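Let me begin by presenting the structure, written as C-alpha cells, before commenting on it.
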Amino acid sequence: MEELLASPGIGVPEAAPVAISERRDARAAAIEIAAASYAAATDDAEVSVREDAAAGKPVLVWGNSSGSVEWRFAIEQAGFYEIWLDYLPTAEGYNTIIRGVAIDGDYPYAESERLELSRYWMDSRYPYNKDTLGNEVRAAQVEEAGWRTQALANYEASPSPLRFYLTAGEHRLRLDGVQQPVTLGAIAIVPAAELPAYADYVREAAPAEAAAQPTAIVVEGEAFRYKSQVGIQKQALQEAEVTPDGAGRIAYNAMGGDRWQNAGQWLEWEVEVPEDGWYELDMKYKQSYIGGANVYRTLYIDGYIPFREAASYKFPYSRGFAVHTLQDGNGQPYRFYLEAGIRQLRLVADASPVRRAVLALHEMLAELRKLDNDIRVLTGDYGKYGGGNADTNRTWELERYMPDIHSRMQHAMDGLRLITDYLEGLNQSETDLTTSIKLSLVTLEDMLANVEKLPNRLSELAAIQSSIGTWISTADTQPLLIDSLALRTPDTATPLRTAGALQRWGHAALSLARSFVQPYTAEPLEGEKAITVWVQRGRDYVDLLQELITQDFTPRTGIHVNISLMPNPNVLILGNAAGNQPDAALGIAMESPVDFAMRGAAADLSKLKGYSEIQTRFHPGMMRTYQYGGGTYGLPELQNFLVFFYRTDLFRQYGLEPPDTWEDVYKLLPTLQENGKTLYYPAKEFAPFFYQAGVDFYAADGMSTRLGEEAAVAPFEQWLQLFRRYYLPLEVPAFFNHFRFGDIPAGIADFSTYIQLVAAAPDIAGHWAIAPLPGTRQRNGEVARWAQQPSTAAMIMANSSKQDEAWQFLDWWTSTETQLRYADQIESFLGVEYRWNSANLEAFGQSWWPQEHLTAIKEQLRWTKNIPLVPGYYYLGREMDFAWNRVLLDGMPEKEALEKAALSMRREMQRKQEEFGLGADDDLRLPQIDQPFEWGSE
C-alpha cells in the first residue's frame, strides 16, 4: 500500500531533462516500422494493404475492431521507449479508436491493454444558428479527416507517453483490436525522455531580451477548434459575467463541465499570437463538481508539453467561477515563449495524481469483500445483497475459526487511513470521498472492538463496501467548466472578470424581469396544413426535430409543424379534457396510446392510408402494446431491450461461458458464489418466465386473466426460486458499478446499462460482452428467449381535425431515412451516451453498433413479446410486485401468493370493464404471438 501511494506512476522512470529541440527531433532518431510490413495477423482481424496517396506509401487497413496484428523489430540499446503511431481514423459512428499493446506476447502493465487514438471533432458551423426566438441551436459535430500522429498515452497513469522497457535484440509488438477500425501508416519506437523543469525551459526557450508589446487575447471556451470526443459539450449559462450573455435566451457560453471529465479527453483552442515574446495564460473556470477536490489538466502548446510543471496542473476546487493564472506553488506566474502566428493550446483531462489512491482503494475494497465473503462462508449467510439468512442468536466464536480476523481488519483500516491522508494532502482539504472513508472507519473501529458480533453486522460491512464502491466511480473523474481563456503579456492586467455579489443580484433581478416580457413559445404557424405536435423530450431533441422538419418535411409536403415542449405527460391529459390538445404527441409512455383509446381520445391509425406498409417498420411483438380491440393507436419511436451482460475477463478466469438456458445459469452460479461473486437479475422482471413457458397473462379476448390457471404456477415459482434457492440479490442499487468493479460480473440489464458501459466505463473496454437472454429449451430443441421490449410512443389525437396531415408527419418521422438522420445528428450533438435506439427495425440495423453486439441484440429482439394492454392492465405489475413481497419477505407459499394476485386482477379487470361499458361477450382481439420474428422480413 505504502509503495503504491508513493510510486511515481506507470512507466515514468527518472531520466535527465531533455532540451525542447531534442524532444521535437526525437522522432528522427526513432526506429520506424512500416505498418504494411506486418509479420502476422489473426484470422478474425480484417486487414489488407493498399497504397495511400496522402501517406505516400502502402498502409495497413484494419477494417474491424477484432483480432490482432503483430510486427517485428530490433533494438540496439536497452532502455525505456515510447510508441508513436501514424494513423487514419476510418471508423463510422462516434466511438473512440482503442487498441491494446503487447510486447513479446504479453501486456507489460494493465494500462497497455486499452489505449485510445484520438479523433478530431469540431462544430460543423460556428457561431451557431438561432431559432425564431433567438435561442442558439447546436450544430452537428463533424470529424476532420486526415492522418494523425500520436504517442500512446494513458492519462490515468501518467501525463507523459507510456514507456516500455526493451532489452537489446529482437522484439515483437502486437496490437489487439478493442474498439473501432483504423488505418495505420507507421509505428515508431522512440527513446523516452524526461520533460525539462520550468527553469530549464525558461533558460532555453528564447533570448532574455525577447519581449512582446503589451497585449491581451481572449478566447471564449466554447470557441474551441478541436475536441477528442463528441460528448464534450458546451453549456448555456445565465450567470453574471459569463460571456457572451444570452440576454434571457439560450447562448452556449461555456465549455466542458461534467461532460469533460474522463482522463484523456481533450479540448484544443487556436490563438493568433501577434509577435514573438513571453506570455502568461489565464483561465476563467468553475470546478464545483467533486466536493473539496482538485482536478488536473495537462497543457500542450503546439503539440508538446512545454515543461514538467505544465503536466498534471492543479485547478483548485471553486464553488463559483474563478480567474486563475497558471503559476507555481509560490504564486509566481508561469511564462510561455510563443512565436508569432497561430498557436494551438490543448488541455487534457489528467487523473494520474489521484489514480494511485483509486488503485489503493480498489485494493482495500477487495480486502473488505474477501473478509465479508469469508465470514459469510463460515456462517452460511448468503444474503449479502439483501435477505440475510444467518442465525442472529448464535455465538459464532469467530476468533477461533478466523484467528487472523483482528489483523485483517486492522490492515484494511490502516490502508483506508493512509489513503485518506494522501488525498487530503493532495487536495489540502477534506473532500466528500475522505469524509465517506472516515465515516466507514468509525464503523470498522466499532466492529473491531467486538469482532464476535461481526456475523450480525454484515449488512453494515456490505454498506461500507457499497459506499466506498460508489465513491470510487467518481474519485478519478476530472470535470472542469471553462468560460474563457486569456493569453497576455506579463505587464498586462487580465481581461477576465468574475461577478461580485451586487452583480449577481442585479443579473438575477434582470433575468426575473425578462421572464415577464420575453416570449417563450414561437408564434404558431397558421393555415389549413399547419399541425401542432407536443413532444415530451429535452430541448436539444426538439430543436433538432424542428430543424429536420424545416429542411425536409415541410418542403416535401407543404405541411407546417408547430413543435411544443411537453414537460409533463399530465399536460396531455388535461389538454385533452379541456379541448386544447395537439394533433399528435411524441415521446410519450408506451401505455398512453391505449389508455387514451379506451376513453375514445386516440385516433385508430389502422384506418389511415398506408398503415399496412408503415406498421411493417416495427416488430410485431412490440406493436401488441399499441393494439386494442382490433385497432392500432400508436407507433413506437425508441425501443429498449434486455440482454445478458458478462465480464469476459472474469468468465475466462473462472472457466465459464455465457449461459444459453436457465439450466446453464443454475450451473454457473456455484462457481461465481464460491469466488464471492453473484449474478444480477432485475427482481421485478417476471414476464420472461411466463412467456418462455407458453403462458400468457390474459385470455385471447382480453376479458380475463390466466394467472389463476395451474400452468402459471411453474413459471412463477421459477422466477422466485432465483432469489429463494439460488440467493440472487434482492436489490442492487447500481448494477453498473458492481459490474464495473467485478463483484457482480454478470447480469441481465437493459439498453441504459449498455450505454453506461460504452460511455462511462473506459477502464473495462474490451473486457465485457453481451449475449441474448437465457431461455427455455423447447421440444424442438430451439431455445425460447421471450421477453418484453419497452418503447416510447407517438400517437394522433382523436379530436384532431388534421389527422391526415398528422399521419403524414408520423409516416415521415418513423421512416428509415428520417430515423437514421436524426439518430446520427443527435449522437453528433451530445455523444454516444445519447444514442437514439430507433424502433424502426431497418434504421436500428443500420445504426452504429459493434457487429458482435448487433448480432446478440438482434437475436434477442427476435423474441420480443410485449404484454398487451387491457382495462385494468396496471394491476398486473402491482399484483406481481405484491406476490413477490409476500413470498420472499413474508414467507407465503408461491401458489397462495399467485392466487391472491389472480383474484385481485379479476376484480379490477371487471371493475374497469364495467366502467368502459364492456360485457362478457366483448372481444378485445389481443394479437397472438407464438413464433419468433425473422430478420429479413422487415
Side-chain angles (χ1 to χ4, degrees), residues 588-600 602-608 610-642 686-707 709 711-712 715 778 784-796 810 814 839-841 844 860-877 905 909 912-913 916 918 921-935 937-938:
I588 57 178
M590 69 176 182
E591 298 86 2
S592 294
V594 169
D595 268 336
F596 277 81
M598 292 176 186
R599 295 159 176 83
D604 184 355
L605 307 183
S606 66
K607 296 179 179 178
L608 299 176
Y611 169 78
S612 59
E613 179 184 348
I614 292 172
Q615 60 93 23
T616 62
R617 298 170 182 171
F618 312 106
H619 197 298
M622 194 193 312
M623 290 298 292
R624 290 183 100 199
T625 311
Y626 303 106
Q627 294 167 338
Y628 175 78
T632 300
Y633 297 91
L635 297 178
E637 293 181 284
L638 287 175
Q639 63 179 332
N640 201 346
F641 52 73
L642 287 174
F686 55 85
F689 297 98
F690 286 83
Y691 280 155
Q692 291 175 20
V695 178
D696 271 303
F697 296 99
Y698 305 110
D701 62 4
M703 300 300 289
S704 61
T705 178
R706 297 184 60 189
L707 282 184
E709 298 179 6
Q778 307 298 294
R785 309 179 194 278
W786 296 111
Q788 286 209 90
Q789 185 182 348
S791 61
T792 59
M795 63 180 287
I796 296 174
L810 290 191
T814 61
N840 179 307
L841 295 175
F844 164 79
Q860 183 54 51
L861 294 187
R862 291 181 62 227
W863 299 93
T864 296
K865 188 175 182 179
N866 283 5
I867 300 174
L869 303 179
V870 301
Y873 71 87
Y874 46 84
Y875 249 55
L876 177 62
M905 275 292 297
M909 288 178 68
K912 296 302 290 186
Q913 288 164 13
F916 295 136
L918 298 173
D921 296 331
D922 282 300
D923 187 350
L924 299 180
R925 290 178 282 175
L926 302 186
Q928 301 302 300
I929 304 289
D930 55 12
Q931 293 297 320
F933 176 78
E934 296 300 333
W935 288 94
S937 61
E938 72 273 15

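As the structure is a computational prediction, the values presented were derived from the model and not from experiment. Each residue takes its place number in the sequence, starting with 1.
- Sorted by first and then second residue, the salt bridge (Lys or Arg N to Asp or Glu O under 4.0 Å) pairs with a member in residues 861-877 read D696-K865, E782-R862, E859-R862, R862-E934; sequence neighbours excluded.
- Distance alone, capped at 3.5 Å, places no donor-acceptor pair between the R785 side chain and the W863 backbone.
- Between the side chain of Q788 and the main chain of I867, a donor-acceptor pair closer than 3.5 Å is present.
- The side chain to side chain contact (heavy atoms under 4.5 Å, CB included) test applied to A711 returns V695, not counting sequence neighbours.
- Annotation for P636 and T814: closest pair O-CG2, 4.5 Å, computed over non-hydrogen atoms.
- M795 and P593 make their closest contact through SD-CA, 4.0 Å (heavy atoms, listed as atom of the first residue, atom of the second, distance).
- Atom OG of residue S606 and atom CE of residue M623 lie 9.0 Å apart, to the nearest 0.5 angstrom.
- Side-chain atoms of H619 never come within 3.5 Å of backbone atoms of F933 as a donor-acceptor pair (strictly under, hydrogens ignored).
- Looking only at distances, no side-chain donor or acceptor of N640 sits under 3.5 Å from a matching main-chain atom of S791.
- Closest approach of F844 to L861, counting heavy atoms only: CE2-CD1, 3.7 Å.
- The backbone N or O of S612 lies less than 3.5 Å from a partner atom in the side chain of Q615, making a donor-acceptor pair.
- Atom CD of Q627 and atom OG1 of T632 lie 4.0 Å apart (nearest 0.5 Å).
- At a threshold of 4.5 Å between non-hydrogen side-chain atoms, the residues Y626 and M590 count as touching.
- Take F697 and apply the ring-ring contact (aromatic ring centres under 6.0 Å, His included) test, not counting sequence neighbours, and it matches F686, F690, Y691.
- In this structure, CD1 on I796 lies 14.0 Å from CZ on F596, to the nearest 0.5 angstrom.
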Throw together a table of side-chain donor-acceptor distances under 3.5 angstrom for residues 868-877, partners on residues two or more places apart or in other chains.
from : atom 1 : to   : atom 2 : distance (Å)
Y873 : OH     : D595 : OD1    : 3.2
Y873 : OH     : D595 : OD2    : 2.7
Y874 : OH     : E908 : OE2    : 2.5
Y875 : OH     : R878 : NH1    : 3.4

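- Judged by distance alone, the side chain of Q928 and the main-chain N or O of L926 form a donor-acceptor pair under 3.5 Å.
- Residues satisfying the side chain to side chain contact (heavy atoms under 4.5 Å, CB included) criterion with L638, sequence neighbours excluded, are R537, T792, W836.
- In this structure, W935 and L841 approach most closely via the heavy-atom pair CH2-CD2, 3.8 Å.
- Put simply, the side chain of I614 does not reach to within 4.5 Å of the side chain of L810, judged on heavy atoms.
- For F641, the ring-ring contact (aromatic ring centres under 6.0 Å, His included) partners at least two apart in sequence or on another chain are F751.
- For the atom pair CZ (R624) and OG1 (T864), the distance works out to 11.5 Å, reported to the nearest 0.5 Å.
- Considering every non-hydrogen atom in both A603 and Y633, the closest pair reads O-CD2, 3.4 Å.
- Nearest heavy atom pair, residue L605 against residue Y611, reads O-CB, 3.4 Å.
- Using a 4.5 Å cut-off on side-chain heavy atoms (C-beta onward), E591 and T625 make no contact.
- Atom CG of residue L924 and atom CD of residue Q913 lie 7.5 Å apart, to the nearest 0.5 angstrom.
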